[in-house]
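Notes follow once the structure below has been shown.
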Amino acid sequence: MVIVVRMTKQRKLILDLFKRRKTLLSAEMIYEQLGKDVMDLSTIYRTLDLFSQENILAKSFIENMSYYYLNDDVHHHYLICLNCHKMIPIECHLFDLEQDVNKTHEFKVTHHDMTLYGYCKECQEVLI
């Protein structure tokens with residue numbers, strides 16, 4: 001991944017966190033993990049917006065919250081466990097549908113987001 005934005009100390013801290021964690025992170029999660037005295041929440045939001053615009057990060061909306069993950073050129077969707085809140089990435093199979101919509105409806109899809117909710121294997125065993 002070639003990064004073309006100016007890399008400040010704060011931006012590097014956030015990017016390094018994504019590289020280490022390799023999972024979905026919200027601005028609030030980053031704020032907690034970096035430590036409240038490292039940078040303010042508004043700096044984190046601005047950095048996430050910039051990284052998203054530059055395609056360094058991809059974004060998913062889950063229950064009205066924005067979550068970001070490192071854009072490794074593999075578009076993800078997520079399964080969210082309603083009990084333990086585990087987030088399980090799954091591959092995207094919607095590109096054929098996008099192409100069909102583009103052609104059939106003359107509608108240019110710019111992006112999509114999908115999240116499936118239910119119970120993970122471990123929680124199913126506990127809840128049954």
Side-chain angles (χ1 to χ4, degrees):
M1 168 188 326
V2 177
I3 299 174
V4 294
V5 297
R6 188 171 64 88
M7 197 53 60
T8 63
K9 177 182 173 184
Q10 290 91 349
R11 290 175 184 170
K12 183 169 179 7
L13 284 172
I14 292 171
L15 186 59
D16 288 346
L17 180 62
F18 277 100
K19 288 178 179 178
R20 284 192 317 273
R21 290 288 313 270
K22 297 185 187 266
T23 188
L24 288 169
L25 294 170
S26 69
E28 291 77 9
M29 292 165 77
I30 294 167
Y31 184 65
E32 291 294 322
Q33 290 183 29
L34 290 179
K36 297 175 182 177
D37 57 331
V38 173
M39 73 181 79
D40 59 41
L41 198 52
S42 62
T43 300
I44 295 170
Y45 276 111
R46 282 193 306 274
T47 302
L48 293 174
D49 285 342
L50 174 66
F51 284 174
S52 183
Q53 289 170 7
E54 296 294 325
N55 290 320
I56 296 167
L57 298 177
K59 183 186 337 184
S60 282
F61 297 99
I62 301 170
E63 294 185 339
N64 298 320
M65 174 87 88
S66 295
Y67 290 88
Y68 299 82
Y69 57 93
L70 205 52
N71 190 356
D72 56 6
D73 296 325
V74 177
H75 182 69
H76 299 92
H77 292 289
Y78 289 88
L79 307 174
I80 306 296
C81 180
L82 295 169
N83 187 53
C84 69
H85 306 289
K86 183 186 305 180
M87 298 176 186
I88 304 163
I90 59 173
E91 290 182 31
C92 176
H93 299 283
L94 296 177
F95 292 115
D96 291 337
L97 177 61
E98 277 189 13
Q99 296 302 318
D100 184 51
V101 167
N102 287 343
K103 184 177 178 182
T104 306
H105 300 283
E106 296 180 4
F107 184 84
K108 177 64 178 152
V109 176
T110 59
H111 63 282
H112 66 265
D113 187 43
M114 180 181 78
T115 305
L116 302 172
Y117 297 89
Y119 297 98
C120 68
K121 181 180 179 185
E122 292 82 12
C123 289
Q124 288 176 51
E125 293 170 1
V126 172
L127 295 172
I128 294 178

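The structure presented is a predicted model; accordingly, all values stated were derived computationally and were not measured. Each residue takes its place number in the sequence, starting with 1.
Atoms CD1 and NZ, from Ile14 and Lys19 in turn, are 13.0 Å apart once rounded to the nearest 0.5 Å. Rounding to the nearest 0.5 Å gives a distance of 5.5 Å between CG of Leu34 and CG of Leu17. A distance of 10.5 Å separates OG1 of Thr47 from OH of Tyr68, quoted to the nearest 0.5 Å. Once rounded to the nearest 0.5 Å, the distance linking OH of Tyr67 with OH of Tyr78 reads 11.5 Å.
Within the 4.5 Å cutoff, the side chain of Leu70 has heavy atoms near those of the Leu57 side chain. Side-chain contact between Met7 and Val5 is present, with heavy atoms from C-beta onward closer than 4.5 Å. You'll find the side chain of Tyr45 reaches within 4.5 Å of the side chain of Glu28, heavy atoms only. Inter-residue side-chain proximity for Lys9 and Met39 is flagged as unmet; no heavy-atom pair is nearer than 4.5 Å. Counting heavy atoms from C-beta outward, Leu50 and Ile56 have side chains that stay 4.5 Å or more apart. In this structure, the side chains of Tyr69 and Leu24 come closer than 4.5 Å at one or more pairs of heavy atoms. With a 4.5 Å cut-off on side-chain heavy atoms, Leu48 and Ile30 count as touching. Side-chain contact between Gln99 and Asn102: present, with at least one pair of heavy atoms (C-beta onward) separated by less than 4.5 Å.
Residues Leu79 and Val126 do not share a hydrophobic cluster, defined by chaining ILVMFWY side chains whose heavy atoms lie under 4.5 Å apart. Using a 4.5 Å cut-off between side-chain heavy atoms of Ile, Leu, Val, Met, Phe, Trp and Tyr, with links allowed through other members, Met114 and Val101 fall into the same hydrophobic cluster. No continuous path of hydrophobic side-chain contacts links Leu82 to Leu116 [ILVMFWY only; heavy atoms under 4.5 Å]. Grouping the Ile, Leu, Val, Met, Phe, Trp and Tyr side chains by contacts below 4.5 angstrom, directly or via other members, places Leu15 with Leu41. Hydrophobic clustering (ILVMFWY, side-chain heavy atoms < 4.5 Å, transitive): Ile90 and Ile80 are in distinct clusters.
Here the closest non-hydrogen pair linking Ser42 and Asp40 is OG-OD1, 2.8 Å. Considering all non-hydrogen atoms of both residues, Leu25 and Arg21 come closest at CD2-NH1, 3.8 Å. Of all heavy-atom pairs between Glu91 and His77, the closest is O-CD2, 4.4 Å. Cys81 approaches Cys120 most closely through the heavy-atom pair SG-N, 3.4 Å.
Side chain of Asn71 to backbone of Asn55: a donor-acceptor contact under 3.5 angstrom is found.
If you check the side chains of Tyr119 and Glu125, you find no donor sitting under 3.5 Å from an acceptor. Asp49 and Ser52 share no side-chain donor-acceptor pair at under 3.5 Å.
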